[in-house]
Every structure is written in structure tokens, then in C-alpha cells.
Colleague: 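To start, I am sharing the structure in question, which I have written as C-alpha cells.
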Amino acid sequence: MSDPADDAPDPTASGAPAGRDDIADDTDAGRHEYDPDAAHAFPDERLNEVLARLTSDEEVVTYLEAQNVNPVARKGYNDHGAKHVEIVRDRALRLYDLLKSGGVEFNGARQQGLDEADEAVIVALAATLHDIGHVVHRHDHPYYSIPLAADLLNDLLPSFYGVADRVRVKAEVLHAILCHHTEEQPLTLEAGVVRIADGLDMERGRSRVPYEEGGRGINTVSSQAIERVSLREGDETPVQVVIRMNNAAGVYQVDSLLKAKIDGSLLEDRIRTVAINTHNDGTDGNGSIVDRIEL
């Protein structure tokens with residue numbers, strides 16, 4: 001079945017720690033791309049080795065390009081190709097890093113008898129391969145992604161793991177890929193991270209295709225209202241998601257896309273989402289229609 005949340009338009013950003021009073025003066029709203037040389041709250045050496053191979057693998061790179069043809073060129077949906085994957089992977093690793101910094105204990109790798117270092121590997125691999133099923137069809141793509149990702153993992157993982165560990169890593173990656181689909185419930189926090197990161201790709205420039213093709217439905221209008229998405233350390237929860245909108249219609253995008261991803265992710269109590277409307281009502285130049293909404 002197709003994922004209604006995936007059909008809604010798009011994003012691109014991240015952020016740094018900030019408290020409740022700093023939200024209005026966000027100065028760190030870049031995409032926060034994953035930096036292998038930066039300090040992280042988790043062991044990153046194994047992740048960095050896997051990423052170096054993954055991002056240069058010709059077959060993987062080609063899949064990420066080819067998977068965009070069905071959703072964009074043939075169905076008129078928003079981007080689900082290499083750019084989407086890059087954003088989702090960056091945000092998944094940012095989200096994972098913040099959760100680890102906040103003392104959250106992950107269960108996927110641990111319950112398989114794997115190392116803590118494998119948690120980030122599972123997150124990164126699943127985020128990279130979650131949408132490759134689009135090469136088969138837009139509809140039901142999470143289920144098509146499973147056998148295709150399994151084949152790629154069979155080629156990739158032997159360079160880093162023995163037989164037993166690569167079977168376990170593959171199992172966790174496939175679980176996370178399947179559960180980025182809102183109809184499937186994550187059983188691990190690693191899967192929950194990938195599911196939420198997929199919903200964080202929602203900034204306005206990411207929905208150009210359906211908008212330019214003439215779409216004026218609520219998905220298109222609301223996605224155009226999303227200006228910026230930032231991830232930072234929260235004051236009450238390990239993670240705070242700050243979404244800036246230029247129109248109150250953006251609330252629909254936040255509620256129908258992101259909230260649907262967070263619900264059932266196992267991370268509901270560890271993430272606080274704040275949506276801020278920066279649009280003035282025009283009466284005195286500074287009155288906003290919607291000031292602040294928390295989900």
C-alpha cells in the first residue's frame with residue numbers, strides 16, 4: 001500500500017542546541033550535514049568506514065538516481081532520489097546523535113548482540129536504502145525496497161562483518177527500511193529514527209515538482225509554507241524539532257506528515273516539535289496569525 005505521509009511534499013535543514021527562549025533567534029539552521037571528523041556522542045569509526053564505501057558504490061549511487069524516475073517523472077510526486085536520501089541520512093544521524101547525547105539507549109543492535117558502534121551503521125544504511133523500491137513502483141515501494149536492499153547489503157556488508165554479524169545487521173536494516181512506512185510499526189529505536197528522519201524532509205523548496213505542475217491541494221500549499229526545519233537539543237526532551245512557517249497552512253503538513261511519522265516511532269516522549277508561524281497579519285507589521293504550536 002502507498003504511504004499517505006510520503007505523498008505529502010518536502011524539506012532540508014538542521015540545527016544546534018537551543019532552549020525555549022532561543023527559538024525566535026535561531027542562527028544555526030543549516031542542513032547540519034553529517035561530518036565524519038566532528039565529535040559525536042557515539043562511536044563513529046565503523047560508521048565512517050561504511051559511509052565511505054556506501055557513498056562511492058556505483059550500484060548504490062545508480063539506484064538513488066533511478067529511484068526518482070517513477071515518483072517524479074511518471075507520478076508527479078516530490079523528490080525521492082539522491083537529494084532526499086542525503087537529507088534523510090543527515091537528519092537521521094543528527095537525530096541519533098542528539099538522542100545518544102541525551103542518554104537514550106537504543107535496542108536494535110543490542111538485542112541482536114551487536115556493538116553500540118553498529119547502531120549508527122544500521123541507521124545510515126536504512127536511511128540510504130529506504131526508498132530504492134521506487135524503481136519498481138511508487139505504490140508499495142517500502143515492500144519492494146526490502147529484496148533490493150538485501151541484495152545490496154549482501155555485497156556491502158562482507159567487507160565489514162563476519163557471517164553472523166552481517167546477517168544480524170542486515171536484519172535490523174531491513175526492519176528499519178520497512179518501518180519508514182507509516183503503516184508498519186517500528187520495534188527498534190533505530191527504525192524509529194529513520195522513520196522520523198524521512199518525515200523531516202519537508203522544507204518548501206523540496207516540493208517544487210508538484211507545485212510547478214499546477215497542484216494547489218492542501219499538501220502542496222501547506223508544504224510551500226514550510227521554510228525551515230531545525231534539529232537541536234531540547235530543554236525538556238533530548239530532541240527539539242523547530243519548524244518555521246510563513247503561513248498557518250503549514251500546520252497541516254506538520255500534522256499529517258511529521259506527526260504521522262513520530263506516532264508509533266517509540267520516540268514520541270523524547271522529541272518535542274514546535275511550529276512557529278513568522279507571517280505577519282499586515283495590520284501593524286508584526287502581528288502573526290499563528291504564533292506558536294507545539295505537538
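Only heavy atoms go into these numbers, but all of them, side chains included; no hydrogens, no water, no symmetry mates. Keep in mind that what you see is a predicted model, and the values were worked out from it rather than measured.
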Colleague: Will you find, in the side chains of Glu172 and Gln112, an N or O donor that is under 3.5 Å from an N or O acceptor?
Modeller: yes
Colleague: Say whether Ile132 and Val69 are linked into one hydrophobic cluster, either directly or through other cluster members, by side-chain heavy-atom distances under 4.5 angstrom.
Modeller: no
Colleague: Enter the distance from Glu184:CD to Ile177:CD1 here, rounded to the nearest 0.5 Å.
Modeller: 13.0 Å
Colleague: Going from CZ on Arg195 to CG on Leu200, what distance comes out if it is rounded to the nearest 0.5 angstrom?
Modeller: 12.5 Å
Colleague: Would you say the side chain of Lys259 lies within less than 4.5 Å of the side chain of Val254, judging by non-hydrogen atoms?
Modeller: no
Colleague: Are the aromatic rings of His40 and Tyr96 close, with centres under 6.0 Å apart?
Modeller: no
Colleague: Under a 3.5 Å distance rule, please check whether Asp131 uses its side chain to pair with a backbone N or O of Val85 as donor and acceptor.
Modeller: no
Colleague: Does the ring centre of His130 sit less than 6.0 Å away from the ring centre of His141?
Modeller: no
Colleague: Could you measure the distance from the OG atom of Ser230 to the CD atom of Gln240? Nearest 0.5 Å is fine.
Modeller: 9.5 Å
Colleague: Which of these, Arg110, Arg168, Arg46, sits in a side chain to side chain donor-acceptor pair (under 3.5 Å) with Asp118?
Modeller: Arg46
Colleague: Between Thr188 (side chain only) and Gly108 (backbone N and O only), is there a donor and an acceptor less than 3.5 Å apart?
Modeller: no
Colleague: I need the His134 NE2 to Asn68 CG distance, nearest 0.5 Å.
Modeller: 8.5 Å
Colleague: With the side chain counted from C-beta on, respond yes when Leu47 and Phe42 share a heavy-atom pair under 4.5 Å apart, and no when they do not.
Modeller: yes
Colleague: Is the backbone of His80 close enough, under 3.5 Å, to the side chain of Gln67 for a donor and an acceptor to pair up by distance?
Modeller: yes
Colleague: Hey, are Lys100 and Glu119 close enough for a salt bridge, meaning a charged N less than 4.0 Å from a carboxylate O?
Modeller: yes
Colleague: What side-chain donor-acceptor pairs closer than 3.5 Å can you find for residues 150-160, not counting sequence neighbours?
Modeller:
{"residue": "Asn154", "atom": "OD1", "partner": "Lys170", "partner atom": "NZ", "Å": "2.8"}
{"residue": "Asn154", "atom": "ND2", "partner": "Ala150", "partner atom": "O", "Å": "3.3"}
{"residue": "Ser159", "atom": "OG", "partner": "Arg53", "partner atom": "NH1", "Å": "2.9"}

Colleague: To the closest 0.5 Å, what do you measure between CD (Glu105) and CD (Glu116)?
Modeller: 9.0 Å
Colleague: Can you tell me how far CG of Leu95 sits from CG of Asp90, rounded to the nearest 0.5 angstrom?
Modeller: 12.5 Å
Colleague: What about Leu187 and Val173, same hydrophobic cluster or not, with Ile/Leu/Val/Met/Phe/Trp/Tyr joined at side-chain heavy-atom distances under 4.5 Å?
Modeller: no
Colleague: Would you check if Val274 and Arg272 make a side-chain contact, meaning some heavy-atom pair closer than 4.5 Å?
Modeller: yes
